[in-house]
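Letters go in sequence order (proteins before strands), and every chain restarts at 1.
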There are 2 protein chains.
Amino acid sequence: MTVGISGLGDHIGVWLRFVSNAISQSFARKVEEKGVTVAEWALMRALFDSEAAPPSKAAEQLGMTRGAITKLADRLIGKGLLIRRADPDDGRARTLALTARARRLVPELAALADENDAAFFGDLPAKERARLERLLKSIVARRGLKHIPID
Amino acid sequence: MTVGISGLGDHIGVWLRFVSNAISQSFARKVEEKGVTVAEWALMRALFDSEAAPPSKAAEQLGMTRGAITKLADRLIGKGLLIRRADPDDGRARTLALTARARRLVPELAALADENDAAFFGDLPAKERARLERLLKSIVARRGLKHIPID
DNA sequence: TATTGTTATACTCTATAACTATA
DNA sequence: TATAGTTATAGAGTATAACAATA
């Protein structure tokens, strides 16, 4: 900006958002071919590391409300990718577990995520990529942002 | 990631999105106090530079569909921030123009945007900030992304 | 016929709040 | 009462497609 008030392109945050949106949209198109959305992928990936987990844990991990997890889970159940069971020990509790098909799908989706990241950052010099990653993580740390990034 | 498939935190794109979301949400809270959303701010800012502009121009500039602009414009009109007029030369065309109140509001919102950007990037060394900006713009250029970032 | 814009419809994402069942 | 989860509702954001008016 030279004079007057700042414009849309005068903020780093806006450029960041722009790049971020492009990356997310690109990834969304890739996973769509596998029949899932980005948010669904995030939940599936979060559940992949354990046999079964309560919705509340997934909500905390992904920085979403329990209601949002319920809705996402409903959709994954409808797609045959998730099973919801009652907890035998606590009548209120439920557990979410990926189906066998979902367990086969997650690595494919992870590969798409790798591929997507490489498309945007792969030809940056390794040093620069590392610096960017460090910078982003430092902002997260400094601002005390919790939650794992979900998409 | 050490072994196995990549996780949610193993992609730069995910960290980028995380930071980007935090910045956007922070900005959204600020502009909300002024009674507008981030998308509304973007449209207002885009219209600020000219006396009046057709919706199609705003759509192109912001990378949105004409239908989306109509919807946004309807809302801004409802808030008394925008006026839609028929084009005297072309019966199909319309023009969008900010109201006087909107013209007073835009600089306030721009100041909030400045403030928000400073909160996230202000205490980075100038060199590092410049490097980040250059990097983001290079990605935009390399990928041939058009449209001004809108939020 | 082509173009401008609006309207209708739909879907994702997400939140808040009320509610149910259990503890 | 407190907690786990679900359900209901709402609204932003966005897209596609059908449509109306005009060129």
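- Residue N21(A) contributes atom CG, which lies 11 Å from atom C1' of dG13(D) at whole-angstrom precision.
- As rounded to whole Å, 7 Å separates atom P of dC13(C) from atom CG of L72(A).
- When each of dG5(C), dA15(C), dA15(D) is scored by its nearest atom to the side-chain atoms of P55(B), the top-ranked nucleotide is dG5(C).
- Looking at L109(B) and R45(B), their side chains never come closer than 4.5 Å, going by heavy atoms from C-beta outward.
- Remark: K34(A) engages E108(A) in a salt bridge (Lys or Arg N to Asp or Glu O under 4.0 Å) (not counting sequence neighbours).
- Distance, E40(A) CD to dT14(C) C1': 14 Å, rounded to whole Å.
- Closest approach to the M64(A) side chain among dT14(D), dA15(D), dA15(C) is made by dA15(C) (side chain taken as heavy atoms from C-beta onward).
- Across residues 79-98 of chain B, R84(B), R92(B), A93(B), R94(B) each have a non-hydrogen atom less than 4.0 Å from an atom of DNA chain C (numbered order).
- L124(B) is connected to W15(A) through a chain of hydrophobic side-chain contacts under 4.5 Å among Ile, Leu, Val, Met, Phe, Trp and Tyr, so both are in one cluster.
- Checked against dT7(C), dC13(C), dT14(D), the side chain of K71(B) finds its nearest nucleotide in dT14(D).
- Annotation: proximity of residues 29-37 of chain A to DNA chain D (heavy atom, distance under 4.0 Å) is found for no residue.
- Of the candidate nucleotides dG5(D), dA15(D), dG13(D), dG5(D) has the atom nearest to the side chain of S56(A).
- Taking 4.0 Å as the cut-off between side-chain N and carboxylate O, E133(B) and R129(B) do not count as a salt-bridged pair.
- The CG atom of L43(B) sits 15 Å away from the P atom of dA12(D) (whole-angstrom rounding).
- The CD1-P distance, from I69(B) to dT16(D), rounds to 14 Å in whole Å.
- Annotation: the span from L62(A) atom CG to K57(A) atom NZ amounts to 10.5 Å, rounded to 0.5 Å.
- For the pair M64(B) and L43(B), the minimum side-chain heavy-atom distance is 4.5 Å or more.
- Here the NZ-CG distance, from K127(A) to L132(A), works out to 15.5 Å after rounding to the nearest 0.5 Å.
- As rounded to whole Å, 13 Å separates atom P of dA12(D) from atom CG of D74(B).
- For the pair T65(A) and K57(B), nearest-nucleotide mapping onto DNA chain C gives the more 5' position to K57(B).
- No more than 12 heavy atoms of other residues, nucleotides or ligands shown are found within 6.0 angstrom of CZ on R85(B).
- I77(A) places its CD1 atom 13 Å from the P atom of dG5(D), with the value rounded to the nearest Å.
- One interatomic measurement links the two molecules: CZ of R66(B) to P of dT16(D), which rounds to 12 Å at whole-angstrom precision.
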Let me see the working for R17(B) and S20(A) under side chain to side chain donor-acceptor pair (under 3.5 Å), right down to the final yes or no. CA-CA 5 Å; R17(B) 176 133 200 98; S20(A) 167; 3.1 Å; yes

